[in-house]
Every structure is written in C-alpha cells, then in structure tokens.
Amino acid sequence: MTHCLTASPETCAWGYFDAGLPAALEIDSGEEVLIETVSGGPDHVPGKDAGFHVPPELWEIHARSERMLPGHILTGPVAVRGARPGHVLQVDILDVALRQDWGWNLIHPLMGTLPGEFERKRIEIIPLDRAGMVARMPWGLDLPLRPFFGVMGVAPPPGWGRISTIEPRAHGGNIDNRELVAGTTLFLPVHVAGAMFWCGDGHGAQGDGEVCVTAIETALAGRFRLTLREDMALDRPRAETPTHLITMGMHEDLDRCAEVALRDMIAWIVAETGLSREDAYMLCSLAGDLRITQTVNGQKGVHMMMERALLGAGQDERNQG
C-alpha cells in the first residue's frame, strides 16, 4: 500500500523541526509513502510571465504559513506506528521525481564557502528539461540532473525544542548528501514516538560541497518505504547505496567531521565483518573515500564511502573456518 502526502499549509513547516508537532500522516512499518515537496520563498519564484510551472500550493504556503526560522519548507511529519526512542528508521528511497520545470540557485553575500568574496546577491532561475533530465545553465551547458532530497530527517530530541532546518544534526535534517538518490537507503536514529519523518529541500543537481550556498533547488516528489528497525542502534545517520556503505560526520570543524565519519565506518566494518579495529582502520586508509558533503550549513559535513564488496573476503574465510 502506498500512502500520499501532498504539500500544503497544513502539511508543511517552513524553516523548522519540532518534536511537538502532530503527525500529518500515520503509517505502518514497511509501508510506502509518496511525499510531495516544494522549495523556496517568494524571492525564488520566476515571474508569472516566464512560462514556468509553479506548483499552486507554493503560493498558498507563502500566503498562509509563517516562516518560524530561517530554513526550508518541509512536508510531514509521517509517523510510523510502533517507533520509539532508541529504534532506527530505515528510509528506502524508492523514487525521486521532478515536480516542476525550473529550479533556483542562490549566491548570498557573507554566506557560502567564500563568504567575503561575492558582494552581490544573485538568484538564478534555471530551466529543467524533465524529458532529457538536464538543466540548461546560463552559459549554455546542459548539466545532467541527479535529483535527491537535501533534507530528510526525523523529529529531533524533544529537549532541543524548535530548531532550524539549516544545520544537519543527529536527527538527520539538512544532510545535503548527493549520494542519497533513488535506490539508496538512509538510516536515522529515532528520538520520539512515531519517529516523525520529514523531507524537503529538493535538489536537481549538487556537487560535493554545495559551495555557493545552494544546489539547484526545486520541487520534488519522493516515494519512500519507512521501516522500523528494532535490531539496530545508531547515534547518527548512516546510509547505503547498492554498492557502498556511507557514514557521516557533522560538526563546525571539517577535521572533526572527518574523524566522526571515519570512527563510525571503523565501527560498522568491525560489526559487519568481525575484523579488528586495527584491520578496519587500515582498510579505511587503503580503500575508504572521505568526501566533503557540504561546507555551507554551519554544521559542515564529511562522509566516508566504503565499497561493500571489499567486506566479503574476511567474512567468507571465517565462515569457512
């Protein structure tokens, strides 16, 4: 069974996560949900004579929803029956589809990875070719699209209160990890009953780093399978692609981000294979890839990727022994 949650002033929060908000939809573990999202404030929408499709609910949200904190428009939350603090929510990303034929990109003074070098604010509307899955850049380049959600998260710990969507933290949130496309799986530690899953911040394309502040921001629809995992325990998000394990470090300091992502990968390898921490550390040095997730959200990000096929040899030998 696939449920559907559309974007509206009643189902969207503008700029914040809050553990105290009621569920917009409740589903059973293992069920699928299609979630529609929108993106951007009034300044980010093309003119009405530009010929682009603007989802009508975006105008309604602008008119009727209060922007509580600086941040993104999120759709949710979706509660999963039976989820409790200490559990893990498995988010299988089954499909990600464009909902409009344009996106926007922002350069903002005093923000981004080079905050003092660009003194003029620029908002660029970028046409999206949904048939060809390319973005037409201002200088004529057709940039391949690889859509994903910048923000996927559960409700934060209740003691945090209402928090901005901008900083990624233990609940997930504005992870901005370009690997989390359709066909991948995200694991999120649960902090409140029901888990309360949100998504938004649709990206048409983004490089590792997201250096100028934003990706190609756009409206997306995502189809997810949400499964309660009582056999796992996590302190922070992890992910899997069909070929790789991914760990994530989030901190103001990129060195600390790298340490967190590496330490978590070592622990994951040890748990998966039974290798010693020393052997896992060596494998990370020889075959693991540390990549900068983003450098613009206050809490920066580094993720480590490890090819799953490399973890099988030691396990196979132990099984034979």
Side-chain angles (χ1 to χ4, degrees), residues 5-18 21 24 35-77 96-113 115 118-128 135 137-138 145 147-153 162-168 172-176 198-206 210-222 294-299:
L5 185 62
T6 59
S8 71
E10 291 72 35
T11 62
C12 290
W14 194 350
Y16 64 93
F17 285 94
D18 189 330
L21 293 180
I35 303 178
E36 296 181 351
T37 69
V38 293
S39 179
D43 293 343
H44 307 133
V45 180
K48 294 186 178 181
D49 58 350
F52 293 110
H53 167 69
V54 179
E57 62 269 26
L58 182 59
W59 300 119
E60 295 178 20
I61 291 167
H62 290 169
R64 297 172 47 199
S65 298
E66 183 178 358
R67 190 173 190 175
M68 297 286 191
L69 293 171
H72 314 83
I73 300 173
L74 304 185
T75 307
V96 180
L98 298 173
R99 299 190 61 227
Q100 61 190 38
D101 55 357
W102 58 277
W104 55 277
N105 176 263
L106 173 68
I107 295 176
H108 199 294
L110 305 181
M111 298 175 66
T113 308
F118 294 85
E119 299 180 354
R120 181 176 63 88
K121 182 177 179 179
R122 187 180 82 165
I123 299 172
E124 191 73 30
I125 300 299
I126 301 173
L128 305 181
M137 304 306 293
L145 295 174
F148 72 98
F149 289 94
V151 175
M152 291 181 286
R162 182 165 289 182
I163 62 170
S164 171
T165 65
I166 292 177
E167 299 86 5
N174 193 24
I175 300 171
D176 282 334
W198 302 80
C199 67
D201 186 30
H203 290 174
Q206 179 203 296
E210 200 187 21
V211 295
C212 85
V213 179
T214 76
I216 298 179
E217 310 291 317
T218 192
L220 297 178
Q294 53 76 27
T295 57
V296 297
N297 294 333
Q299 292 267 353

Sub-3.5 Å donor-acceptor pair from the side chain of S39 to the main-chain atoms of G202, do we have one?
no
With a 4.5 Å cut-off on side-chain heavy atoms, are D176 and D201 touching?
yes
Set of residues satisfying ring-ring contact (aromatic ring centres under 6.0 Å, His included) with respect to H72, sequence neighbours excluded:
none
Parallel, tilted or perpendicular: ring planes of F17 versus W198, cut at 30 and 60 degrees
perpendicular
If a pair satisfies side-chain hydrogen bond (donor to acceptor under 3.5 Å, both in side chains) and one of its residues is in residues 46-64, list it, with sequence neighbours excluded.
E10-R64, E57-R99
Steps toward side chain to side chain contact (heavy atoms under 4.5 Å, CB included) verdict (Y16, L21)
CA-CA 11 Å; Y16 64 93; L21 293 180; 3.6 Å; yes
Can you confirm whether I216 sits close enough to N105 that some side-chain heavy atom of one is under 4.5 Å from a side-chain heavy atom of the other?
no
Measure the spacing between CG of L58 and CD1 of I73 and express it to the nearest 0.5 Å.
5.5 Å
Between I107 and V213, is any pair of side-chain heavy atoms under 4.5 Å apart?
no
Can you tell me how far apart CG (L128) and CD (Q100) are? Round to the nearest 0.5 Å.
7.5 Å
Could you report the tightest heavy-atom contact between V96 and L220, atom names first, then the distance?
CG1-CD1, 3.7 Å
So, do M137 and I126 sit near enough that their side-chain heavy atoms are less than 4.5 Å apart?
yes
Are the side chains of M68 and R162 in touch, meaning some heavy atoms are under 4.5 Å apart?
yes
For the atom pair CH2 (W14) and OG (S65), what is the distance rounded to the nearest 0.5 Å?
7.5 Å
Say whether, by atom type as modelled, one donor and one acceptor occur between the side chain of T75 and the main chain of E36 under 3.5 angstrom.
yes
Below 4.5 Å, heavy atoms only, C-beta onward: do V151 and T37 meet side chain to side chain?
no
Do T295 side-chain atoms and V211 backbone N/O form a donor-acceptor pair below 3.5 Å?
no
Min side-chain heavy-atom separation Q294-P168 under 4.5 Å:
yes
Heavy-atom closest pair (A215 atom, A205 atom, distance to 0.1 Å) is CB-O, 3.2 Å
When you look at H203 and T214, which way does the side chain to side chain contact (heavy atoms under 4.5 Å, CB included) test go after all the steps?
CA-CA 9 Å; H203 290 174; T214 76; over 6 Å; no
Do other residues, nucleotides or ligands put more than 12 heavy atoms under 6.0 Å from the CZ atom of F52?
yes
Output, in order, the C-alpha distance, side-chain angles, deciding distance and verdict of side chain to side chain contact (heavy atoms under 4.5 Å, CB included) for M111 and V296.
CA-CA 7 Å; M111 298 175 66; V296 297; over 6 Å; no
Within a strict 4.5 Å, meaning less than it, do heavy atoms of the L69 and I166 side chains meet?
no
